[in-house]
S.K.: 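Here it is, the structure in full.
Numbering of residues begins at 1 and proceeds along the displayed sequence. Just so it is clear, the values below take in all heavy atoms, side chains as well, and ignore hydrogens, waters and symmetry mates.
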Amino acid sequence: MELEQAIVGFCRALHAAGRSGGTEYRYSNLLRQWGRWIEQHDSSWSRATADQVEDFIEGYAQDHSKSSTSLMGTCLRSFYRWAERRQHVASSPAARLAPAQRDRPLPRALPGWRVRQLLDRLDAPPAELDDDQADEWKRNRLIIRCYLFTGLRLAELAKLDKHDVDPVDGTLRVRGKGGKERIVPIHPKIRDDLAGALAGAGPLFESRRGGPLSAAGISDMFRKFVCGQLEVCCTAHQLRHSFATELRRQGADLREIQQLLGHAKLDTTAIYTQVYPDDLTGAVQRLRW
């Protein structure tokens with residue numbers, strides 16, 4: 001279904017619920033803005049992921065007030081709830097934009113202890129796994145570690161092909177937003193694991209059926225495996241924040257982080273780096289006159 005058709009149906013539902021004509025007009029305009037953005041990012045409203053919604057909201061917040069950004073979030077949540085009920089989408093990609101978070105920052109980095117807990121649990125698979133389950137655990141472990149050590153977007157990691165990995169030079173070729181390519185260094189802690197996954201050709205990460213693991217499939221893995229089985233509830237987007245924040249804590253320049261994340265604007269990179277109270281204490285203690 002085209003977005004304009006969906007907007008018409010959504011506005012009819014608003015009207016039936018007693019919403020004003022002004023609300024229908026505002027929501028229609030907001031949804032068209034979202035539609036233009038998602039098309040520019042090689043997707044459509046019905047195939048959008050939660051990470052894409054969050055990326056859009058983060059960018060929208062840079063150019064609009066908190067109240068306008070809150071209204072956009074409300075509009076997307078309401079629209080996708082309607083679309084889910086009508087079975088136009090399998091699930092709402094705007095579900096994570098909870099009303100209680102409207103005036104708060106979007107999900108940020110995991111604290112260091114939580115990342116270490118996640119890594120420790122990934123390194124301790126249950127002994128009773130059969131061969132297929134062990135292979136899936138190994139795949140999931142590599143996906144999560146790739147997020148932590150590369151900071152890729154969800155869609156970028158899903159697009160990775162085995163030919164994009166150069167274990168000799170230690171680099172990844174990443175296809176980002178708008179088809180732009182960049183080179184990301186491979187951290188030594190994932191180099192051997194990546195090299196071991198390069199047998200044959202095709203997608204770097206495969207689904208159970210043998211085809212490429214989609215962005216939606218990775219999101220589902222986080223929900224079932226990371227949040228459910230490992231009991232460390234987080235998203236791929238939060239691990240991207242964690243990557244950027246830890247680089248900043250370790251002294252990386254903001255422009256270096258910008259290049260690694262593939263951001264067009266430095267202001268966007270600043271959103272991804274989080275400052276903790278201990279960081280401020282350490283900064284003051286380093287002062288020497």
S.K.: Measuring from atom CG of Asn140 to atom CG of Leu230, what distance do you get when rounded to the nearest 0.5 angstrom?
M.R.: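 Answer rounded to 0.5 Å: 8.5 Å.
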S.K.: Output yes when Arg36 and Glu39 qualify as a salt bridge under the 4.0 Å nitrogen-oxygen rule, no when they do not.
M.R.: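 Between Glu39 and Arg36 there is no salt bridge, as every charged N stays at least 4.0 Å from the carboxylate O atoms.
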S.K.: Taking the basic N atoms (NZ, or NE/NH1/NH2) and the acidic carboxylate oxygens, is any pair closer than 4.0 Å for Lys138 and Asp135?
M.R.: no
S.K.: Do any N or O atoms from the side chain of Ser242 and from the backbone of Gln238 form a donor-acceptor pair under 3.5 angstrom?
M.R.: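 Present.
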S.K.: With a 4.5 Å heavy-atom cut-off, do Met1 and Arg86 have their side chains touching?
M.R.: no
S.K.: Do Glu24 and Arg12 sit within salt-bridge range, that is, some charged N less than 4.0 Å from a carboxylate O?
M.R.: no
S.K.: Output yes when a side-chain donor or acceptor of Tyr80 lies under 3.5 Å from a complementary backbone atom of Trp45, and no otherwise.
M.R.: yes
S.K.: Do the side chains of Phe243 and Ile183 join up, straight or via other hydrophobic residues, at under 4.5 Å, putting them in one cluster?
M.R.: no
S.K.: Any link between Met221 and Leu129 through a network of hydrophobic side chains (Ile, Leu, Val, Met, Phe, Trp, Tyr) touching at under 4.5 Å?
M.R.: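 In one cluster: yes.
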S.K.: Search all heavy atoms of Leu31 against all heavy atoms of Leu3 and return the closest pair with its distance.
M.R.: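 Nearest heavy atoms, Leu31 then Leu3: O-CD2, 3.6 Å.
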S.K.: Within the side chain of Ser78, is there an N or O that forms a donor-acceptor pair under 3.5 Å with the backbone of Thr74?
M.R.: no
S.K.: With rounding to the nearest 0.5 angstrom, report the CD to CG distance, Gln117 to Leu110.
M.R.: 10.0 Å
S.K.: What heavy-atom pair brings Cys234 and Val226 nearest, and what distance separates the two atoms?
M.R.: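 What the structure gives for the nearest pair is SG-CG1, 3.8 Å.
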S.K.: Where do Ala158 and Ser214 come nearest, in terms of heavy atoms and distance?
M.R.: CB-C, 4.0 Å
S.K.: Spell out, yes or no, whether Leu213 and Leu198 are grouped together once hydrophobic residues are joined by side-chain heavy atoms under 4.5 Å, including indirect joins.
M.R.: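 Yes, because Leu213 and Leu198 connect within a single hydrophobic cluster, where side-chain heavy atoms sit under 4.5 Å apart.
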S.K.: Taking only residues two or more places apart in sequence, or in another chain, which ones meet Asp51 in a salt bridge (Lys or Arg N to Asp or Glu O under 4.0 Å)?
M.R.: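 If we apply the salt bridge (Lys or Arg N to Asp or Glu O under 4.0 Å) test to Asp51, skipping adjacent residues, the hits are Arg96.
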S.K.: Contact between Leu160 and Val165 at the side-chain level, heavy atoms closer than 4.5 Å - yes or no?
M.R.: no
S.K.: Please walk me through it: do Arg248 and Leu254 pass side chain to side chain contact (heavy atoms under 4.5 Å, CB included)?
M.R.: CA-CA 7 Å; Arg248 190 63 170 156; Leu254 202 58; 4.1 Å; yes
S.K.: Taking the six-membered ring for Trp, are His187 and Phe149 parallel (under 30°), tilted (30 to 60°) or perpendicular (over 60°)?
M.R.: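 Aromatic pair His187/Phe149 classed tilted.
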S.K.: Do Thr23 and Arg26 have side chains that approach each other closer than 4.5 Å (heavy atoms only, starting at C-beta)?
M.R.: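 Thr23 reaches Arg26 side chain to side chain.
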S.K.: Tell me whether His15 at atom NE2 has more than 12 heavy atoms from other residues, nucleotides or ligands lying less than 6.0 Å away.
M.R.: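 No.
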S.K.: Look up atom NE2 in His163 and atom CG in Leu204, then write down how far apart they are to the nearest 0.5 Å.
M.R.: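 Here the interatomic distance stands at 11.5 Å.
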S.K.: Apply side chain to side chain contact (heavy atoms under 4.5 Å, CB included) to the pair Gln52 and Leu154, showing each step before the final yes or no.
M.R.: CA-CA 8 Å; Gln52 287 174 324; Leu154 177 63; over 6 Å; no
S.K.: How close do Leu260 and Pro185 get, counting heavy atoms only, and between which atoms?
M.R.: CD2-CD, 3.6 Å
S.K.: Considering only heavy atoms from C-beta outward, does the side chain of Leu266 approach that of Arg255 to under 4.5 Å?
M.R.: yes
S.K.: If the plane angle is over 60° it's perpendicular, under 30° parallel, otherwise tilted; pick one for Phe222 and Tyr147.
M.R.: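 Rings of Phe222 and Tyr147: perpendicular, over 60°.
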S.K.: Quick check: does any side chain N or O of Arg175 sit under 3.5 Å from a backbone N or O of Glu181, one acting as donor and the other as acceptor?
M.R.: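 Here the side-chain-to-backbone pair does not exist.
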S.K.: List the atom of Leu30, the atom of Tyr60, and the distance in Å for their closest heavy-atom pair.
M.R.: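 Smallest heavy-atom distance, with atoms named: CD2-OH, 3.6 Å.
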S.K.: Is it true that a side-chain atom of Arg77 and a backbone atom of Leu97 form a donor plus acceptor pair closer than 3.5 Å?
M.R.: yes
S.K.: Between Arg32 (side chain only) and Ile7 (backbone N and O only), is there a donor and an acceptor less than 3.5 Å apart?
M.R.: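 Flag not set: sc Arg32 to bb Ile7 has no pair under 3.5 Å.
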S.K.: Using a cut-off of 6.0 Å, state whether more than 12 heavy atoms not belonging to Glu2 lie near its atom CD.
M.R.: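 For Glu2, atom CD is not crowded (no more than 12 foreign heavy atoms under 6.0 Å).
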S.K.: Given side chains that start at C-beta, do those of Ile190 and Thr150 come closer than 4.5 Å, heavy atoms only?
M.R.: yes
S.K.: Around atom CG of Asp130, are there more than 12 heavy atoms of other residues, nucleotides or ligands at under 6.0 Å?
M.R.: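 Correct, the count exceeds 12.
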S.K.: State plainly whether the residues Glu156 and Arg182 are in salt-bridge range, i.e. N to O under 4.0 Å.
M.R.: yes
S.K.: Rounded to the nearest 0.5 Å, how far apart are CZ of Phe225 and CD of Glu136?
M.R.: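 Going from the CZ atom of Phe225 to the CD atom of Glu136 covers 8.0 Å.
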S.K.: Is the backbone N or O of Asp123 less than 3.5 Å from a side-chain atom of Trp137, with the two atoms forming a donor-acceptor pair by type?
M.R.: no
S.K.: Got a donor-acceptor contact below 3.5 angstrom from the Asp164 side chain to the Asp161 backbone?
M.R.: yes
S.K.: Quick check: do Arg141 and Asp193 have side-chain heavy atoms less than 4.5 Å from each other?
M.R.: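 A side-chain contact exists here, since the closest heavy-atom pair is under 4.5 Å.
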S.K.: Which distance, rounded to the nearest 0.5 Å, do you find between the CZ of Arg153 and the CG of Asp55?
M.R.: 6.0 Å
S.K.: Hey, would you say the Trp34 and Phe79 ring centroids sit under 6.0 Å apart?
M.R.: no
S.K.: Could you check whether any side-chain N or O of Gln259 sits under 3.5 Å from a backbone N or O of Glu256, counting only pairs where one atom can act as donor and the other as acceptor?
M.R.: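 Answer holds: no.
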S.K.: How close do Arg121 and Val232 get, counting heavy atoms only, and between which atoms?
M.R.: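 Where Arg121 meets Val232 most closely, the heavy atoms are NH1-CG2, 3.7 Å.
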S.K.: Evaluate the side chain to side chain contact (heavy atoms under 4.5 Å, CB included) criterion for residues Cys146 and Leu194: first the C-alpha distance (whole Å), next the side-chain angles of each, then the deciding distance (0.1 Å), finally the verdict.
M.R.: CA-CA 9 Å; Cys146 279; Leu194 279 173; 4.0 Å; yes
S.K.: Can you tell me how far OG1 of Thr69 sits from CD1 of Ile57, rounded to the nearest 0.5 angstrom?
M.R.: 7.0 Å
S.K.: Show your reasoning for whether side chain to side chain contact (heavy atoms under 4.5 Å, CB included) applies to Leu142 and Phe205.
M.R.: CA-CA 9 Å; Leu142 181 54; Phe205 300 111; 3.8 Å; yes
S.K.: Any heavy-atom pair between the side chains of Ser46 and Val89 that's under 4.5 Å?
M.R.: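 In short, these two side chains touch, coming nearer than 4.5 Å.
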S.K.: Just by modelled atom types, is the Leu261 backbone N or O under 3.5 Å from a matching donor or acceptor in the Arg240 side chain?
M.R.: yes
